[in-house]
Amino acid sequence: MSTINMSINMNFRIFYSLLFMLLLLQPVYAANYVVRSTADAGTHTLRWAILQSNANPGPDIITFDISGDGPRIISLGSALPPLSDPAGVIIDGLSQPHSGLGKHPPATMRLRIVIDGRRAGNTPGIWVHSPSNQVKGLVINNFAEEGIRIQAIKSGTRDNVIRHCIIGLDANGVTVRPNGGETLHTHWAGISIVSYSHAPGLAYDNLVFGNVISGNTGEGVLLSDCKGGRIYSNTISGNYIGSTLAGKAAAGNQRDGILLMGGCYGNTLSGNMIVGNAGNGIHLVGDITRNAKAHHNIVRNNVIGMTFDNKQLENALNGISIGGPEPDYPGGFASDNTLRE
């Protein structure tokens, strides 16, 4: 047998071995809960599905099959239950008929499940309080707090994925429907990864990917720790932050595109388009009151103040600010961070 054939055969053996291992590693879902109604409560509603998945051991999946081809709006009258099952759940908005990613997401996404929080009270839209969840293909708007909150817990809120959602706009990705209410002195955001001082914990290895995060009253994306809590090794990548769905016009968040504050470290902000925001494109800032440094974070390959087709849509302040002041916050204490093209 020739050396070339031996090499090809070896490559095939490696390929099929890896494929077999991947098949073995595929999760076996304990249950599939199907949302068939836009009602706020009752069987086959989103609230019911989350309660079922929280109570059922093992990884679950929530899919959608609501009749009609237009956007289906789930209008909440109170907070949804936090995602709390340690095994995790997938909430798959892309399963709704007539939804899809198109050829070049996020710009070509067609999302048909809208979660509307204008009557839900003071709450985030989706509240992640456990590991190994995935939220995809949802439109989340009009919440008084964040669209999606990943909150640190003592055992670690990790390995969560938020992908291909629209946060802060309507289902067409054009009209602003902000999350974050009107509170000027509280850091709400479209999506946050946070640890709170009343219950400090860890949040790491989470991924925010391929979303449109625009029009929100606070930041687009917020990473924030506290004394005794740690936010590290998270990735914010491939998102449109501050633009419409098509990525050609501004629909800015009312503060920074991405704000990383406190002692957050080892996080990666990469490949995002960040335009039209009322603050900085990206801001890294520590907390001088507790000597906490924002450190060893990586900022690379982002397009800031300009669209991918080279249209200028500047952020109101800096493209990237390291250690600059925030409203009601003195700034400083950011070190050993890396900026790459």
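Index from 1, following the sequence.
Taken to the nearest 0.5 Å, the CD1 atom of I50 stands 5.0 Å off from the CD1 atom of I62. In this structure, CD1 in I115 is found 5.5 Å from CD1 in I74, a value given to the nearest 0.5 Å. Of the inter-residue distances, the one linking I153 atom CD1 with H129 atom NE2 reads 6.5 Å to the nearest 0.5 angstrom.
Close placement of the Y265 and H295 rings is indicated, their centers lying within 6.0 Å of each other.
N267 is listed as a side-chain neighbour of C264, based on a closest heavy-atom distance under 4.5 Å. Counting only heavy atoms from C-beta outward, the side chains of R119 and S75 approach each other to under 4.5 Å. With a 4.5 Å cut-off on side-chain heavy atoms, T108 and L101 do not count as touching. When side chains are defined from C-beta on, I193 does not count as touching L222, because their heavy atoms never get closer than 4.5 Å. In this structure the side chain of L83 never reaches within 4.5 angstrom of the side chain of D85, judged on heavy atoms. Under the 4.5 Å side-chain criterion, counting only non-hydrogen atoms from C-beta, I320 is not in contact with N280. The shortest side-chain heavy-atom distance between N206 and V161 does not fall under the 4.5 Å cut-off. Counting only heavy atoms from C-beta outward, the side chains of N160 and L207 never approach each other to under 4.5 Å.
Across R36, R112, R72, a single residue satisfies salt bridge (charged side-chain N to carboxylate O under 4.0 Å, His left out) together with D65, and that is R36. Put simply, the residue from I91, I66, I113, D92 that forms a side chain to side chain contact (heavy atoms under 4.5 Å, CB included) with V35 is I66.
In terms of heavy atoms, P106 sits closest to G210 at CB-O, 3.3 Å. Across every non-hydrogen atom of K293 and S335, the tightest pair is CD-OG, 3.5 Å. Of all heavy-atom pairs between G125 and I140, the closest is CA-CG2, 4.4 Å. Here the closest heavy-atom approach between residue V221 and residue I236 is recorded as CG1-CD1, 4.0 Å. For the pair S243 and S214, the tightest heavy-atom approach, listed with the atom from each and the gap, is O-OG, 2.6 Å. What you find for A246 and A107 is that their closest heavy atoms are O-CB, 4.0 Å.
Looking at N301, its side chain never comes within 3.5 Å of a backbone N or O of G271 through a donor-acceptor pair. Under a 3.5 Å cut-off, the side chain of D60 and the backbone N or O of N32 do not form any donor-acceptor pair. Looking only at distances, no side-chain donor or acceptor of S192 sits under 3.5 Å from a matching main-chain atom of V194. Between the side chain of N234 and the main chain of Y232, a donor-acceptor pair closer than 3.5 Å is present. S195 contributes no side-chain N or O that, together with a main-chain N or O of P200, makes up a donor-acceptor pair within less than 3.5 Å. Between the side chain of N253 and the backbone N or O of G218 there is no donor-acceptor pair closer than 3.5 Å. For the pair N172 (side chain) and D170 (backbone), a donor-acceptor distance under 3.5 Å is absent. When atom types are taken as modelled, the side chain of T217 and the backbone of G180 share no donor-acceptor pair closer than 3.5 angstrom. Under the 3.5 Å distance criterion, the side-chain polar atoms of N297 are left unmatched by any main-chain donor or acceptor of T338. No donor-acceptor pair closer than 3.5 Å links the side chain of N54 to the backbone N or O of P81.
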Trace of the side chain to side chain donor-acceptor pair (under 3.5 Å) decision for S78 with R47: CA-CA 10 Å; S78 61; R47 186 181 302 278; 3.3 Å; yes
Show your working on side chain to side chain donor-acceptor pair (under 3.5 Å) between R163 and Q134 and close with a plain yes or no. CA-CA 8 Å; R163 71 174 180 92; Q134 186 175 157; 3.0 Å; yes
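Annotation: K136, atom NZ; neighbour count of heavy atoms from other residues, nucleotides and ligands within 6.0 Å is above 12. The 12-atom threshold is exceeded at CG of D159, counting heavy atoms of other residues, nucleotides or ligands nearer than 6.0 Å. Counting heavy-atom neighbours within 6.0 Å of R290 CZ, excluding the residue itself, gives a total above 12.
When only modelled atom types and interatomic distance are considered, N310 and T307 share no side-chain donor-acceptor pair under 3.5 Å.
Taking the six-membered ring for Trp and thresholds of 30 and 60 degrees, W48 and H44 have ring planes inclined between 30 and 60 degrees apart.
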